[in-house]
Amino acid sequence: MAMNESGAPDGTSFDGPSEEELLPCGRRLAQVWELAETGGQDPHTAECPHCGEALRALRALEGVVARARDDEPRVPPWDTAALADRVMDVVRLELRPGRTLPLGEADEDAWIVEAAAARTFRAAVDTLPGVRAGSCRIEADAQEAPSSAPPPGRLPRGPARVRVEVQVGLSWNLQLVADEVRARVVGAADHELGMRIAAVDVVVTDLLDEDEDADEDADATEGRQP
Amino acid sequence: MTDQQVPRTLEDTVGAAVLATRGVAFLRPGLAGLLRSSVGLGAARGTTGASGVRVRRHKGSRGLDVEVYVVLNRGHRALDVTRAVRSAVLDAVLKEAGEGGSAQVKVTVTGVV
């Protein structure tokens, strides 16, 4: 804010004393602060204890504001489009939920619809740079004979077998990327769902030309060829 | 056999207990609930008497079969939430039906938001 010596910018007059806070030395507080912020020199301010105290208070205030800003959690801007997408996903799941898969141990009665579990696995796989998850199907593991017939529409309670299709960047070693995908799926099954997994079949359906961003990350990515 | 209906208030009580469980976003909305919320006539979360909770009584006994369908908030382990839901439902049934109350609780996660 540009202010002139008379205290009113461009001849505009202020009403009320709050706009004209004067220091004991007669200088206006706003004028002293503005001069300091713009780097201007004033022999009076350099010598005056009142102006000096006003400037110290200003610096202290700036420090408090800076610390408060640093302490604020970094909340990403609310992405309404992403939220709308997720809500629509839920609506689609309600209309077309697919089969229901067991969560937890054999003697529990907890379940999750296949589409929700598959989405969790695909999201976990997508965190790998240069990897895109495609179709994901979850079946009962044929090696595990169910102790009892499952309820209609539900898989037998026991470890599941996941089959996930992926497209991978050319710089990936295919064996390594398959291992990484398995690790992501098993990790998501354990940490995000609580689902027991017997095996993860990874099918590489395509190779991708990687963009520049992926190249920048290549050095820091374990398992990728230089 | 589980063909005896129970009062709607019990379903509401169970639904409220489920909604109070950490990690639960909302009960599975039926189509009516989805449409209702989409036109601003009421949020799905506030309507517990939806298709997200089914309570039936075992014929000839005080035992209940409770089926709960929930959508979870992202960031919560699904199995842990279903266990908490089961515990909350059992507490609610016990409180409603007294010491002799019992229930088999089936919890199904239908989505994560």
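Below, read A as the first sequence line, B as the second, and so on, with proteins coming before strands; counting in each chain starts at 1. Note that this is a predicted model, so its numbers are computed, not measured.
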J.: Let me confirm one number: the CG-CD1 distance from B/L72 to A/I112, rounded to the nearest 0.5 Å.
T.: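 Interatomic distance, B/L72 CG to A/I112 CD1, rounded to 0.5 Å: 7.0 Å.
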J.: Evaluate side chain to side chain contact (heavy atoms under 4.5 Å, CB included) for B/R83 paired with A/E108, printing each intermediate quantity in order.
T.: CA-CA 9 Å; B/R83 287 171 174 167; A/E108 294 190 78; 2.7 Å; yes
J.: Show the nearest heavy-atom pair for residues B/T82 and A/L103, with the distance to one decimal.
T.: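 Looks like CG2-CD1, 4.1 Å.
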J.: With a 4.5 Å cut-off on heavy-atom pairs, point out which of B/V70, B/D80, B/V85, B/V107 contacts chain A the most.
T.: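 So the answer, after comparing B/V70, B/D80, B/V85, B/V107, is B/V107.
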J.: Any chance you could measure B/R74, atom CZ, to A/T120, atom OG1, to the nearest 0.5 Å?
T.: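 Here the rounded value is 8.0 Å.
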J.: So which heavy atom on A/A116 is nearest to which on B/G111, and how close?
T.: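 Taking A/A116 first and B/G111 second, the nearest heavy atoms are CB-CA, 4.1 Å.
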J.: At a heavy-atom separation under 4.5 Å, does B/V68 approach chain A through its side chain, its backbone, both, or neither?
T.: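 Nothing of B/V68, per the 4.5 Å heavy-atom cut-off to chain A.
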J.: Measure the spacing between NE2 of A/H191 and CZ of B/R77 and express it to the nearest 0.5 Å.
T.: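 With rounding to 0.5 Å, NE2 (A/H191) is 8.0 Å from CZ (B/R77).
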J.: Where on B/T108 is there a heavy atom nearer than 4.5 Å to chain A: the side chain, the backbone, both, or neither?
T.: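 It is both, since atoms from each part get that close.
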J.: Look up atom CG in B/L79 and atom CG in A/L193, then write down how far apart they are to the nearest 0.5 Å.
T.: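 Reported value, rounded in 0.5 Å steps: 9.5 Å.
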J.: Yes or no on side chain to side chain contact (heavy atoms under 4.5 Å, CB included) for B/V109 and A/V113, after CA distance, side-chain angles and deciding distance?
T.: CA-CA 6 Å; B/V109 176; A/V113 298; over 6 Å; no
J.: Shortest non-hydrogen contact from A/D109 to B/K106?
T.: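 For A/D109 and B/K106, the tightest heavy-atom pair comes out as OD1-NZ, 3.2 Å.
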